[in-house]
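Everything on this sheet refers to the single structure shown next.
Given the structure is predicted, the values throughout are model-derived calculations rather than measurements. Keep in mind that the numbers below use all heavy atoms, side chains included, and drop hydrogens, waters and symmetry copies. Ligands are counted one by one from 1 in listed order, and the atoms in each one are counted from 1 as well.
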Amino acid sequence: MGLSKTIWTNPTEFLRSQHPDTPVLFFSPSRAQAAARRFIDGFPGMVTYAVKSNPTEVMVENLAAAGIRGYDCASPFEIDLIRRLAPDAAIHYNNPVRARHEIAYAVERGVKSYSVDSKSELAKLIEMVLAEGTEISVRFKLPVAGAAYNFGAKFGATSELAVELLKTVAAAGYIPSMTFHPGTQCTDPAAWEAYIREAAVIAADAGVTIARLNVGGGFPSHRLNAVEPQLEETFALIDRVASEAFGADRPLLVCEPGRALCGDAFALAARVKAVRDDLHLFLNDGVYGALAELPLIGVIDRIEVLQPDGTRRAGEPAPRIVFGPTCDSVDRLPGELMLPEDIAEGDYVVWQGMGSYSTVTNTRFNGFGELQIATVLGLTL
Ligand SMILES: *Cc1c(COP(=O)(O)O)cnc(C)c1O
């Protein structure tokens, strides 16, 4: 993956002058910084970035420049990345299962915040991490509501276990906190309400006053033209419910969005390799590339099509079956895409809102997946 040193005006200027034959992700620093400011201004607590959603260095650097001072890391690689790009930032090591060598690495790099959802992993932390000044957040789960898929299937203690873990954390002298992750692309703010109320019940049952409550990521990014994320409503709900549920013991709040910070900062251009017998469209990118998430989370319909000279295709939208470049039959975008009926070989299909889980899940399967990143002043075509 190469990084263009030139800053282009917009994707159109790049496409019509470069005619790239490999997929291109366009990065807008101003969009990244605007998303960061929207969270910093609106969220009633500390905003951290879930690095896994897009660990591209320019992304992290722009969030840091915009004032993001904390990062949710899941591996030594991510810890290293943040220590290098944002040396003074807080690192929250919120992957609740860690090998001993990973814990040792985090301790060596000065990580002071960990999450946990089991007795066995808590025992490892107690053995290896000094309690003094270190926060351990108990991660719990509820049956899912409102998320695009079920995160609770992998991580999170039941409420009963969370009570037990929280007591142990406090008794061992760590700073006791709690965390949850309501799921991803959570368009229904009610998901946070149920979790925050349950966190208060767990803390009360454990007899522990928690220092912080991390309300996770899961804030939606803009995927469908017709559905603009209403982040401020969710922020207001979190603020209100935290006060109602905890009263005088209200903990400091933390959030750790991924897609809501990086999603809108990138657009993707994929080139039409072939229109097979007027029926099927073959692109140079697909579900093994930057479009990996579409089958999991659903389509993004913020699409425009450009001809190689940069002019927009304006034909009537017509449904097409769209395949990626590999020879695997799974490499097909979900359903049918509405695309201009005059779309032709050599055109570029440009998706907005492609910053999350795209650069980082792209593979080289079948020899495809060479992906460049070009920096642009704006993403509007
Ligand atoms: C992936 C993840 C996030 C970020 O999720 P988004 O849906 O991208 O906001 C936050 N916290 C945890 C623990 C995660 O695993």
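Where the criterion is an N or O separation shorter than 3.5 Å, residue side chain and backbone included, N94 fails it with respect to ligand 1. At least one N or O atom of K52, backbone or side chain, sits closer than 3.5 Å to an N or O atom of ligand 1. The shortest N/O to N/O separation between G218 and ligand 1 falls below 3.5 Å. The N/O atoms of R259, backbone and side chain alike, include one that comes under 3.5 Å of an N/O atom in ligand 1. Ligand 1 has no nitrogen or oxygen under 3.5 angstrom from a nitrogen or oxygen of S53. At under 3.5 Å, a nitrogen or oxygen of G258, whether backbone or side chain, sits near a nitrogen or oxygen of ligand 1.
For the residue pair E256 / T48, no side-chain donor-acceptor distance below 3.5 Å is found, with atom types taken as modelled.
Annotation for ligand 1: atoms under 4.0 Å from non-hydrogen atoms of G217 are 9 (O), 10 (C). Ligand-side atoms of ligand 1 in range of P257: 9 (O), range being under 4.0 angstrom from any heavy atom. Residue D72 has at least one heavy-atom neighbour below 4.0 Å for each of these atoms of ligand 1: 10 (C), 11 (N), 12 (C). Atoms of ligand 1 lying under 4.0 Å from at least one heavy atom of R139, given by number and element, are 13 (C).
Aromatic ring orientation, F43 versus F219: perpendicular (interplanar angle above 60°, classes split at 30° and 60°). Ring orientation note: the planes of F266 and F27 are tilted relative to one another, at an angle of 30° to 60°.
Enclosure of atom CD1 in I321 by more than 12 non-hydrogen atoms of other residues, nucleotides or ligands within 6.0 angstrom is indicated.
Only the side chain of A50 comes within 4.0 Å of ligand 1, counting heavy atoms alone; its backbone N, CA, C and O stay farther away. Neither the backbone nor the side chain of T179 has any atom closer than 4.0 Å to an atom of ligand 1 (non-hydrogen atoms only). The side chain of Y357, and not its backbone, has at least one atom closer than 4.0 Å to an atom of ligand 1 (non-hydrogen atoms only; side chain from C-beta on). Heavy atoms of K154 found under 4.0 angstrom from ligand 1: none, in either backbone or side chain.
Residue C327 holds its SG atom at 8.5 Å from CZ of F365, rounded to the nearest 0.5 Å.
Under a hydrophobic clustering in which Ile, Leu, Val, Met, Phe, Trp and Tyr are joined whenever their side-chain heavy atoms come within less than 4.5 Å, directly or via other members, V24 and F368 fall into different clusters. When hydrophobic clusters are built by joining Ile, Leu, Val, Met, Phe, Trp and Tyr residues whose side-chain heavy atoms come closer than 4.5 Å, directly or via intermediates, L81 is not grouped with V360. The hydrophobic cluster containing M128 also contains V111, counting ILVMFWY residues as joined when their side-chain heavy atoms lie under 4.5 angstrom apart, directly or transitively.
In this structure, G216 does not count as a contact residue of ligand 1, since none of its heavy atoms falls inside 4.0 Å of the ligand.
Classification of R100 and E127 as a salt-bridged pair holds, one side-chain N sitting under 4.0 Å from a carboxylate O. Between E78 and K52 there is no salt bridge, since no side-chain N of the basic residue sits under 4.0 Å from a carboxylate O of the acidic one.
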